[in-house]
Amino acid sequence: MQRVWLWLAKRRPIVQILSALGLNSYVTWFTTRGLPCPALNCYACPAAAFACPIGSIQHIAGARHKVPFYVLGMVGLVGALVGRGSCGWLCPFGWFQELVYKLPAPKLRLPNRFNWTRYVILVALVFVIPFITRETWFCKLCPAGTLEGGIPWVIISTDIRAMIGAFYWLKLGILGGFVAWMSVTRRPFCRWVCPLGALWAPFNMVSAMRLQVDETTCIQCNRCQQVCPVNIRVHENPNDGTCIRCLACVRACPQSSISVEALSWTLEADRSGA
Amino acid sequence: MRKTIGRKKLLFAINRALIVLAVAALLVGLYLGEWNTVLQNARVLCLSCIGLE
């Protein structure tokens, strides 16, 4: 089993590509659109196969003033199983951020301070303001929606193109700002903004899939932090709420001190595969 | 060592409880017809999402 996990970890980009295609595979539209997507994937995308959980929560809790049991249950189940692992493996917008970061630009390594902003955004834009205004305010501002829905629809539909107004350009500007930020900092949307990540972050401590560090072998070389896409000091807090469970640290650790603890068994880094 | 084992047992118990709660919420939601609500909402083009509202 540990070889399977490490083999998979090396091929995470392939999993991300397949996920982006799978979550936007129009062919399953009629059967899967009632399922909340296990990642932030806008259902305005013409080919989206699943429903955006954040959009669905806003619609049910905000517009209809009901408790979104079903969506929260699905989100909770994913969180309880893998914590924020979905962010690192399935989220197309997370993958997009990693691709943009590869662009040649000065790089800024920002510390994970002010990560609490994602909780403010979750409470304010997903629950409180939609509840008061009965409108889906996070969706109105979401850059993932612009990328996956706004831009494709404007390209493929003349009717939609004719409806473009100032708000569309504002959304495009927000996306542009994020793209600029993504090119200099790793995964900024995931670390400071994403409300779905905010919902899953507390689950990292208690999820079935967790990381653990063997303090007797760790030499605190900080290699884990250097390879971490969200800049966590893994050896200090392996189950930080910002961790996206990409397993880059497990592969990179020269001492094989970091292991994946999954359900009732312990997975340790296989040095022969690293 | 005992502290670590005790803490791991606590984490497992919390994890199992969360899974049960999540499944229960899911089933309650399905019973209340939220699948249809999510489906209908997802089928209609979200104008807010694409910047037209």
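Note that these values count all heavy atoms, side chains included, but never hydrogens, waters or copies made by symmetry. Only a predicted model underlies this, so the values are computations on that prediction, with no experimental measurement involved. Every chain is numbered from 1, with letters handed out A, B, ... down the list of sequences.
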Are any of the side-chain heavy atoms of B/K8 and A/Q212 separated by less than 4.5 Å?
yes
For chain B, which residues from residues 139-155 of chain A lie under 4.5 Å away (heavy-atom distances)?
A/C139, A/K140, A/G145, A/T146, A/G149, A/G150, A/W153
Residues of residues 65-76 of chain A contacting chain B, heavy-atom criterion under 4.5 Å, by residue number
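Listed by number: A/V67, A/P68, A/F69, A/Y70, A/V71, A/G73, A/M74, A/G76.
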Quick one: of B/N36, B/V28, B/I50, who has the most non-hydrogen atom pairs under 4.5 Å with chain A?
B/I50
Under 4.5 Å, counting heavy-atom pairs only, tell me which of B/L30, B/I14, B/L45, B/V20 racks up the most with chain A.
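Among B/L30, B/I14, B/L45, B/V20, the one with the most close pairs to chain A is B/L45.
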Could you give the distance from [atom1] ([X]) to [atom2] ([Y]), rounded to the nearest 0.5 Å?
X     : Y      : atom1 : atom2 : answer
A/Y43 : B/C49  : OH    : SG    : 5.0 Å
A/Q58 : B/S48  : CD    : OG    : 8.5 Å
B/L11 : A/M205 : CG    : CE    : 6.0 Å
A/L77 : B/L21  : CG    : CG    : 11.5 Å

With sequence neighbours excluded, tell me which residues meet salt bridge (Lys or Arg N to Asp or Glu O under 4.0 Å) with A/R210.
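Salt bridge (Lys or Arg N to Asp or Glu O under 4.0 Å) list for A/R210, sorted by chain: A/E261.
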Heavy-atom cut-off 4.5 Å, strictly under: side chain, backbone, both or neither for [X] against chain B?
X      : result
A/F203 : side chain
A/I60  : side chain
A/L172 : neither

Are the side chain of B/N41 and the backbone of A/S56 linked by a donor-acceptor contact shorter than 3.5 Å?
no
Using the side chain to side chain contact (heavy atoms under 4.5 Å, CB included) rule, take A/R64 and B/E34 through it: C-alpha gap first, then chi angles, then the decisive distance, then the call.
CA-CA 11 Å; A/R64 291 181 175 228; B/E34 285 179 16; over 6 Å; no
Name all residues meeting the disulfide (SG to SG under 2.5 Å) criterion together with A/C190; count only those two or more places apart in sequence or in a different chain, and write none if there are none.
none
Looking at A/L170, A/I160, A/I164, which has the largest count of heavy-atom pairs under 4.5 Å with chain B?
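It is A/I160.
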Specify the closest pair of heavy atoms between B/L18 and A/V206, including all atoms of both residues, with the distance to one decimal.
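Closest approach of B/L18 to A/V206, heavy atoms only: CD1-CG2, 3.4 Å.
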B/N15 versus A/A80, closest heavy-atom pair with distance
ND2-O, 2.7 Å
Could you tell me which portion of B/L32 (side chain, backbone, both or neither) has an atom closer than 4.5 angstrom to a non-hydrogen atom of chain A?
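It is the side chain, since no backbone atom gets that close.
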